[in-house]
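This report refers to the structure that appears directly beneath it.
Chain identifiers are assigned alphabetically (A, B, ...) following the order of the sequence lines, protein sequences preceding nucleic acid strands; residue numbering begins at 1 within each chain. This one's a predicted model, so the numbers in the text were calculated from it and none came from an experiment.
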There are 2 protein chains.
Amino acid sequence: MISTSIENYLKCIYQLEEQLAGERTDSTKGITTGAIADRMETQAPSVSDMLRKLSERGWATYEKYQGTHLTCEGRKIAIDILRKHRLWEVFLVEKLGFKWDEVHNIAEQLEHVVSGDLVDRLDAWLGHPQFDPHGDPIPDKTGVMHDKRKKKSLHDMLSGEAGVLVGLGDTSDTFLRYLDSFEIALGTRITIVERFQFDGSVQVLRNDKDKLTLSSQVAANLLLITP
Amino acid sequence: MISTSIENYLKCIYQLEEQLAGERTDSTKGITTGAIADRMETQAPSVSDMLRKLSERGWATYEKYQGTHLTCEGRKIAIDILRKHRLWEVFLVEKLGFKWDEVHNIAEQLEHVVSGDLVDRLDAWLGHPQFDPHGDPIPDKTGVMHDKRKKKSLHDMLSGEAGVLVGLGDTSDTFLRYLDSFEIALGTRITIVERFQFDGSVQVLRNDKDKLTLSSQVAANLLLITP
DNA sequence: TTCTTTTTTTAGTATTGTCTAAATTTTTTT
DNA sequence: AAAAAAATTTAGACAATACTAAAAAAAGAA
Ligand SMILES: [Mn+2]
Ligand SMILES: [Mn+2]
Ligand SMILES: [Mn+2]
Ligand SMILES: [Mn+2]
């Protein structure tokens, strides 16, 4: 039996690896103790302890001071947890009517419920959803994500370019509520009117109607598909 | 924060108290260490330790060798867990299509998910069900069970008497599957044809059609309403 | 009542996961 | 290249929960 704590660590390392894959080219250095401690809001020694345990159990490679990488088996577990997390989020939003900023903590608990059948039945009953309420792809039963969309950050788009919001670089509750206040949701069409070099902010058109200004930080976390 | 383990103990003690209330008249002696250990499939010393902790926290009264009773606050927690357990069971059977003998272990985990909103939304979305898939009453938000039915064990019914199955004295997976093999479910109408003094078994009519013989032990665990 | 059996508690140990403080190693700066 | 700063690991401790073996108390039998 895998403990809740181990599952959380594996998922965390997986997500840090995903993130790094998008940013850096060299993957020689593993995920650092510090990055994990930050993300899990825990202390570095706890992470060191856990990394030794994960490598003993064959779910991560780990050499002192070199950071860590998931093994195939570790990655499989992480993806399985992520699948459960996102499916439960869909359930909470679509069926129970929660808002997208209310589901994370609940899904954080539900993802650890273990049952051979439960996830698959949930998946089928929800109609095999492809994405969770935050636009993140839901892996299928075999761990494959069928996300063929090429997402581009609003940060990297040019004046006049338009796209539809389909993903977020940050899914924290505070950012989600911040987007609510702008009336920006998944599916919202965004067109760049003007970029300001001064502070990196952008003026955009929301759904071809309303003009608004988004900070550089917000823009960087909005991921769109452009036609 | 209340741990999963504590929640399980409180629920267990509550259910033993319920059961005892139906059997005995004197409630002076508390629920025994041994009864709890049996039901939780744990060792007596673990129970002794936990009882001391429960009484320290004000959820149970406990004096050495005298057994335990829940306090009001302890009972409130136990009922809350029971409510969650039974609502999740309804969800698993009605929405996801699980069979009644497959849901207990899953609900045993789901009952510990904590969220102010989740249970109430689940309850409303399920249409405020009164009973779980095993016929057990579901407490409302305030902890009250609205179960006005007078249940009578098949064991205590006379020849010729008839009733409708609405509850079970034992909800173990093995007993549930045993009932499946007899094609007996909640709502099944049962009429006593003949009682055998020899071994306490009864010959009954199922839904006014098929004759079958039930052992004394089965009969004792079938709870019916009689018109 | 006294002896025997059963139940319960105490004592001592193990496991898991966390933390702080101190030591060590790596990285960065001068 | 040496010194300073930052990151990481080790050491030692603690809380929660469970277990076995032994002691103590309660219940039942003779
Ligand atoms: Mn989690
Ligand atoms: Mn999500
Ligand atoms: Mn439980
Ligand atoms: Mn039930």
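Between the CE atom of B:Met50 and the P atom of D:dA18 there is a distance of 5 Å, rounded to whole Å. What separates CD of A:Glu7 from C1' of C:dT16 is a distance of 15 Å, to the nearest Å. Atom CE of A:Met1 and atom C1' of D:dT17 are 16 Å apart (whole Å). We find that CZ of A:Arg52 is positioned 15 Å from P of D:dT8, with the value rounded to whole Å. Rounded to whole Å, the distance from CD1 on A:Ile31 to C1' on D:dT8 is 16 Å. Here the C1' atom of nucleotide D:dT17 and the CG atom of B:Leu51 are 14 Å apart, to the nearest Å. Per the geometry, CD belonging to B:Glu63 stands 15 Å off P belonging to C:dT8, to the nearest Å. As rounded to whole Å, 10 Å separates atom C1' of C:dT25 from atom CD of A:Gln66.
Salt-bridge check for A:Glu18 with A:Arg75: failed, with every basic side-chain N at 4.0 Å or more from each acidic carboxylate O. A salt bridge is defined here as a Lys NZ or Arg NE, NH1 or NH2 lying under 4.0 Å from an Asp or Glu carboxylate O, and B:Arg149 with B:Asp147 meets this definition.
OP1 or OP2 of D:dT8 has not a single side-chain nitrogen or oxygen of A:Tyr62 nearer than 4.0 Å. Using a 4.0 Å cut-off, some side-chain N or O of B:Ser48 falls inside it from OP1 or OP2 of C:dT9. One finds a side-chain N or O of A:Lys29 lying less than 4.0 angstrom from the OP1 or OP2 phosphate oxygen of C:dT27. At D:dA16, none of the side-chain N or O atoms of B:Tyr9 fall inside 4.0 Å of OP1 or OP2 (strictly under the cut-off). For B:Thr42 and D:dC19, the shortest distance from a side-chain N or O to OP1 or OP2 is below 4.0 Å.
C:dT30 is paired with D:dA1 under the criterion used here, namely a Watson-Crick or G-U wobble arrangement in which both key atom distances are under 3.5 Å.
Mapping A:Gln43 and A:Lys64 onto DNA chain C by nearest heavy atom places A:Gln43 at the nucleotide closer to the 5' end.
Nearest nucleotide to the side chain of B:Pro45, out of D:dA16, C:dC19, C:dT10: C:dT10. Side-chain proximity of A:Tyr65 to the nucleotides C:dT25, C:dT10, D:dA18 is greatest for C:dT25.
In this structure, B:Thr33 reaches the sugar-phosphate backbone alone: every heavy-atom distance under 4.0 Å involves primed, P, OP1 or OP2 atoms, never a base. Looking at heavy-atom distances under 4.0 Å, A:Ser5 makes contact with sugar-phosphate atoms alone, never a base.
For the residue pair B:His112/B:Asn8, the side-chain donor-acceptor check at 3.5 Å is satisfied.
Across A:Val202, A:Ile192, A:Leu179, a single residue satisfies side-chain contact (heavy atoms from CB on, under 4.5 Å) together with A:Leu214, and that is A:Val202.
Other residues, nucleotides and ligands place more than 12 heavy atoms under 6.0 Å from the NZ atom of B:Lys95.
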